[in-house]
Participant: 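Got a structure for you, written out below as structure tokens; questions coming shortly.
Numbered from 1 within each chain, the chains take letters A, B, ... in sequence-line order. Just so you know, these numbers come straight off a predicted model, no measurement behind them. Side chains are part of it too, since the values below use all heavy atoms of this structure and drop only hydrogens, waters and symmetry mates.
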Amino acid sequence: MNESSLAYDALTEVFNVGLSRAATQLSELLDDQILIDIPHIQVLELDQVAEALDADAAETVCGVVQRMQGMAHGAALLVFHTEEAQTLLKALVGAVPSLLAEDMRKFEHEAISEIGNIIISSSVSTMADLLQGEIELSIPEYIEDRIDALIHPYIVGSSPGQILVVVMRANLRASQRAVSGSLVMLLGVNFVGRLLRSLGLEECL
Amino acid sequence: MMAAQANDNAPIGLTRRIIDQVPIGVFVVDAQRRICHWNHWLEQKTGIPRESALDQTLEQLFPGLRKPRFHAALEAVLRHGASQILSQALNHFLIPIPIPHTGRHGIPMMRQHVHIAPLRDQTGQSFAVVSLIDVTDEVIRSSRLTELTQKLEHESNRDPLTNLYNRRFMWEWLVQQLRQSSRFDYPLACIMLDLDHFKRVNDRLGHAVGDQVLVSFTQVVRGRLRDSDILVRYGGEEFVALLPHCPLDLAMRSAWRIVRGVAQQALAPLGMGEMTCSAGVATYTKDSPLTGEELLKLADRRLYEAKNTGRNRVAGGNKDIAAVEWA
């Protein structure tokens with residue numbers, strides 16, 4: 001893959017526009033000024049994902065997943081290191097009691113799920129608009145596991161060369177704090193080709 | 001739930017009856033945001049019959065309702081087919097449904113977890129299926145557990161007589177503070193305080209009076225510390241004040257104000273001047289780094305220097321002060 005930085009800049013800009021819509025929604029929902037930006041996008045092979053996310057193979061990460069269907073088949077995951085997720089909740093939602101009981105954590109998971117839902121929907125609809133098609137998204141689910149285990153259910157039955165992974169580092173800033181997560185989109189190689197071609201970025205494939 | 005084509009073999013009437021049987025709220029809106037289905041659960045909970053709900057928007061049914069997140073979510077569902085959730089944690093509720101016994105734990109409205117999924121009919125028209133799950137009981141249970149946890153946490157960190165922090169809390173706090181002091185290079189002072197001849201009060205007047213004196217003493221001390229300082233009942237009639245960002249000379253002054261205050265005030269139910277105290281002061285600085293144990297031990301050694309040189313005074317190494325000298 002030839003990573004032309006100019007070409008990736010164009011893709012980054014497209015997603016940043018979509019994420020600004022997510023930021024507006026989150027600002028309204030949380031009554032705080034939320035800014036989201038993605039400084040960098042990578043298109044990777046599956047085996048490069050863990051390294052790109054800066055996650056140890058054994059580390060448990062958490063986040064939100066929504067399956068994609070329609071013009072694109074695959075999944076979109078917003079992934080946080082566990083302590084980043086806690087910081088995110090504190091920064092965006094306020095103090096969350098540190099309870100261990102599982103049903104108490106459920107509310108934290110729901111909050112993370114909705115935040116992820118807003119960010120993933122905006123990003124995916126940006127891609128759909130760009131290609132003038134429709135990508136349906138399933139109800140978001142909270143997930144917590146090692147990164148390879150999180151990705152596994154969405155790549156079962158696909159041969160390694162069929163799937164590419166679009167990875168974006170997403171920085172979220174609230175008035176008090178900033179946290180980073182990663183948006184990971186598992187997409188068919190043909191769809192990624194269409195996406196890049198729509199921006200005149202064929203040379204990246 | 002993916003966008004489903006409403007083209008299975010079940011008759012529409014049967015589908016509607018199934019939706020009416022489910023123990024959750026379900027309504028459907030069309031592309032113009034008008035309600036085109038309103039299930040039995042919603043009729044019962046809101047008191048709004050289906051006929052009155054149909055063809056209305058949610059705002060027309062509930063004037064004054066402002067839910068921008070709901071509209072953004074509908075847009076995502078109807079325009080992009082992107083399923084959405086509105087969590088209880090962030091939205092509390094979508095449809096205002098007062099709960100019986102208003103104010104149970106300060107929760108006047110039913111808390112709801114909301115899913116919104118896309119649906120297409122045979123002609124390709126877009127709809128959004130909104131389902132609401134009542135999670136009020138979970139929220140109440142959660143808030144009770146939170147209160148209980150906070151109460152237990154408070155109690156495990158406090159001395160029940162004086163409501164001051166206890167040793168357990170102090171060691172946890174001190175470890176963190178010393179780390180900060182070292183990292184950001186600021187001094188941390190420790191004042192160890194002991195009531196002079198306190199045993200005599202207990203012996204002559206009984207433990208109940210002794211306890212009252214201890215409580216009065218903590219009030220005098222607390223009033224002479226900053227909000228950022230912490231006061232700990234170290235054991236019996238021994239107390240520790242920890243003062244972040246405080247060099248030795250300022251800590252000596254604080255200790256002296258406490259010693260003088262105790263001598264010049266009546267510690268109820270005793271009269272003025274009937275009780276005095278002594279203080280030992282030590283500080284952690286970058287130049288003389290100490291562990292928490294070493295800091296406490298040094299303050300304790302200085303306290304006994306103050307005791308051994310006449311009581312009612314402050315000892316802080318080569319800067320010892322008798323209260324009378326500063327009076």
Participant: Under the salt bridge (Lys or Arg N to Asp or Glu O under 4.0 Å) test, which residues partner B/R66, sequence neighbours left out?
Facilitator: A/E28

Participant: Is it the side chain or the backbone of B/I116 that comes within 4.5 Å of chain A heavy atoms, both, or neither?
Facilitator: backbone

Participant: Flag the one option from B/Q88, B/R69, B/H113 with the top tally of heavy-atom pairs under 4.5 Å to chain A.
Facilitator: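 Looking at each option in turn, the highest pair count goes to B/R69.
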
Participant: Name all pairs fulfilling the ring-ring contact (aromatic ring centres under 6.0 Å, His included) condition that reach into residues 173-195 of chain A, sequence neighbours left out, sorted by first residue then second.
Facilitator: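 Residue pairs with at least one partner in residues 173-195 of chain A: there are none.
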
Participant: Would you sort out whether A/D129 and B/R79 count as a side chain to side chain contact (heavy atoms under 4.5 Å, CB included), showing the intermediate values?
Facilitator: CA-CA 10 Å; A/D129 284 347; B/R79 201 168 144 239; 3.6 Å; yes

Participant: Working to the nearest 0.5 Å, report the span between OG of B/S83 and CD1 of A/I139.
Facilitator: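 With rounding to 0.5 Å, OG (B/S83) is 4.5 Å from CD1 (A/I139).
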
Participant: What's the separation between atom OG in A/S121 and atom NE2 in B/H80, rounded to the nearest 0.5 Å?
Facilitator: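 It comes to 9.0 Å.
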
Participant: State whether the number of non-hydrogen atoms from other residues, nucleotides or ligands found under 6.0 Å of A/D31 atom CG is greater than 12.
Facilitator: no

Participant: Non-hydrogen contacts under 4.5 angstrom with chain A: give the residues of residues 27-45 of chain B involved, or none if there are none.
Facilitator: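 Heavy-atom contacts from residues 27-45 of chain B to chain A are absent.
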
Participant: More than 12 heavy atoms of other residues, nucleotides or ligands under 6.0 Å from CD of A/E83: yes or no?
Facilitator: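 Check passes, neighbour count above 12.
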
Participant: Could you give the distance from OG (A/S113) to CG (B/L90), rounded to the nearest 0.5 Å?
Facilitator: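 CG of B/L90 is found 9.5 Å from OG of A/S113.
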
Participant: Hey, is CD on A/Q33 packed in by over 12 heavy atoms from elsewhere, all under 6.0 Å?
Facilitator: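 No - once you tally the heavy atoms of other residues, nucleotides and ligands closer than 6.0 Å, there are 12 at most.
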
Participant: Measure distances from B/V77 to the heavy atoms of chain A and classify the residue's part below 4.5 Å as side chain, backbone, both or neither.
Facilitator: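 For B/V77, there is no contact with chain A at all, as no heavy atom is under 4.5 Å.
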
Participant: Among the options B/K67, B/Q84, B/H115, pick out the one with the most heavy-atom pairs lying under 4.5 Å from chain A.
Facilitator: B/Q84

Participant: Between A/E114 and B/S87, does the side-chain hydrogen bond (donor to acceptor under 3.5 Å, both in side chains) criterion hold? Intermediate values first, please.
Facilitator: CA-CA 6 Å; A/E114 187 173 358; B/S87 66; 2.6 Å; yes

Participant: Hey, what do you get for CD (B/E75) to OG (A/S125), rounding to the nearest 0.5 Å?
Facilitator: 9.0 Å

Participant: According to salt bridge (Lys or Arg N to Asp or Glu O under 4.0 Å), who are the partners of B/D20, at least two apart in sequence or on a separate chain?
Facilitator: B/R50

Participant: Specify the closest pair of heavy atoms between B/I85 and A/N117, including all atoms of both residues, with the distance to one decimal.
Facilitator: N-OD1, 2.7 Å

